[in-house]
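First listed ligand is number 1; within each ligand, the first listed atom is number 1.
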Amino acid sequence: MAGLTKEQVLDALRKVRHPHRPGDVVSLGMISGVVVKGGNVGLSIEVDPAEARALEPLRRACEDAVKRLPGVTSATAVLTAERAAGSASAAPASLARPEAPARPAVPGVKAIIAVASGKGGVGKSTTAVNLAMGLAVLGERVGLLDADIYGPSLPRMTGAAGRPSARGAKLQPMESYGVKVMSMGFLVEEDTPMIWRGPMVQSAIQQMLADVDWGELDVMVVDLPPGTGDAQLTMAQRVPLAGAVIVSTPQDIALLDARKAINMFRKVDVPILGIVENMSYYCCPKCGHRAEIFAHGGARRCAERFGVDFLAEIPLDPEIRELSDAGRPIVLARPDSPQAQAYLGLAASVRDKLAELAGGKVRRFPRILWL
Ligand SMILES: Nc1ncnc2c1ncn2[C@@H]1O[C@H](COP(=O)(O)OP(=O)(O)O)[C@@H](O)[C@H]1O
Ligand SMILES: [Mg+2]
């Protein structure tokens, strides 16, 4: 059926009553966002964080009510906690929210770093995973947060499967090779289209930072969504970042986007830890011949021009992709390979830069991880 509207969705939601309060979810002002894309519907439901667990049946009731509408192929509802509890909104379907406090720190987490790229497909997630695991090999306590809500790939790349469990008001992160991992991919069905945008993305990320029991971490690596648009800018502003690693391929177009990403972080005063050139050159697995397929070295020149550090060049290598698809990051699966060494070098540079930024001493006691 063509032309499913927000109004129809809200009408369906008016039939869902709050379990403890008089009224339905719409008239109580709890629906803070509705996105309709074809037959796919995304909703955010504003709740008091203390009630979040108790309201899980309400969340499902909202999904079910929307799914019953003709023409709806999927419905995904998330509980969010942004406004003060009980404050009924005059404009229930509006996505507008009051400004959240800027960059609340995550207790117990010493440094949060973003892995970012100007555009998608340059290997940002692959780099984020191998960097995080590389930091763990070096003995750091590491978390990995998949903020790429449109295309979460960390569940597959880390091999972590299942659903995070709740303990008290907090979700327990998943774990992969000693690294704590959280991703929207664990929380929604795999075939649910990712249709959240803007403000909903923001609240999901803030929830994954604040409502997950990360424990004590030296570093949290955040895989940001690609691009330099408003959503990325807001995220760079809201997440308390100690620094950003920019991933680019050597091609001119990608480098142009990398420059935009550098400028974006500069605008919001996030230090650039440096640039990684991914798919930098091709190393023939048979003869070891190194072929520079895309005029390699562009990222190094870009880094020089922008006055930021060049952190690593990672070869284009079929094994990196194969192991990544199998949930076994190469940095752990083939620790002696030159590719793994390149990631370990990246991890060591990032660790040293964070120590420098924090004014602390540089630690050099690698811990061996066994697979
Ligand atoms: N250095 C590399 N060598 C070979 N394949 C790579 C490399 N880096 C990434 N890939 C592959 O390229 C694709 C895109 O990488 P991904 O990390 O998902 O990019 P992004 O997160 O930037 O969209 C994936 O299939 C990944 O396995
Ligand atoms: Mg990705």
| Cut-off 3.5 Å, side chains only: do Glu7 and Thr5 have a donor facing an acceptor? |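 Thr5 and Glu7 do not have a side-chain donor-acceptor pair below 3.5 Å.
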
Pairs under 3.5 Å, N/O atoms on ligand 1 and on the protein: can you put them in a table with the distances?
| residue | atom | partner | partner atom | Å |
| --- | --- | --- | --- | --- |
| ligand 1 | 1 (N) | Asn278 | OD1 | 2.9 |
| ligand 1 | 1 (N) | Pro315 | O | 2.8 |
| ligand 1 | 3 (N) | Asp317 | N | 2.9 |
| ligand 1 | 3 (N) | Asp317 | O | 3.3 |
| ligand 1 | 8 (N) | Asn278 | ND2 | 3.0 |
| ligand 1 | 17 (O) | Ser125 | N | 3.3 |
| ligand 1 | 17 (O) | Thr126 | N | 2.8 |
| ligand 1 | 17 (O) | Thr126 | OG1 | 2.5 |
| ligand 1 | 19 (O) | Gly123 | N | 3.1 |
| ligand 1 | 21 (O) | Ser125 | N | 2.9 |
| ligand 1 | 21 (O) | Ser125 | OG | 2.8 |
| ligand 1 | 22 (O) | Gly121 | N | 3.3 |
| ligand 1 | 22 (O) | Val122 | N | 3.2 |
| ligand 1 | 22 (O) | Gly123 | N | 3.0 |
| ligand 1 | 22 (O) | Lys124 | N | 2.8 |
| ligand 1 | 23 (O) | Gly121 | N | 2.8 |

[X] side-chain N/O to [Y] backbone N/O, donor-acceptor pair under 3.5 Å:
X      : Y      : result
Lys124 : Leu224 : yes
Gln341 : Pro335 : yes
Asn130 : Ile330 : yes

| said: Leu273 vs Phe265, test: side-chain contact (heavy atoms from CB on, under 4.5 Å). Steps then yes/no. | reply: CA-CA 11 Å; Leu273 302 176; Phe265 285 107; over 6 Å; no

| If you round to the nearest 0.5 Å, how far is CE of Met30 from CG of Leu58? |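 So the CG of Leu58 and the CE of Met30 are separated by 5.5 Å.
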
| request: State whether the number of non-hydrogen atoms from other residues, nucleotides or ligands found under 6.0 Å of Lys170 atom NZ is greater than 12. | output: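 Counting other residues, nucleotides and ligands, NZ of Lys170 exceeds 12 neighbours.
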
| query | For Arg305, does the CZ atom have more than 12 heavy-atom neighbours from other residues, nucleotides or ligands under 6.0 Å away? | reply |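 No, the 6.0 Å shell around CZ holds no more than 12 heavy atoms from other groups.
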
| request: Taking the Mg ion (ligand 2) as the centre, count the protein N/O/S atoms lying under 2.8 Å from it. | output: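 Considering protein N, O and S only, the Mg ion (ligand 2) has 1 within range.
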
| query | Does a salt bridge link Glu56 with Arg59, judged by any charged N lying under 4.0 Å from a carboxylate O? | reply |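 Answer for the salt bridge query: yes.
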
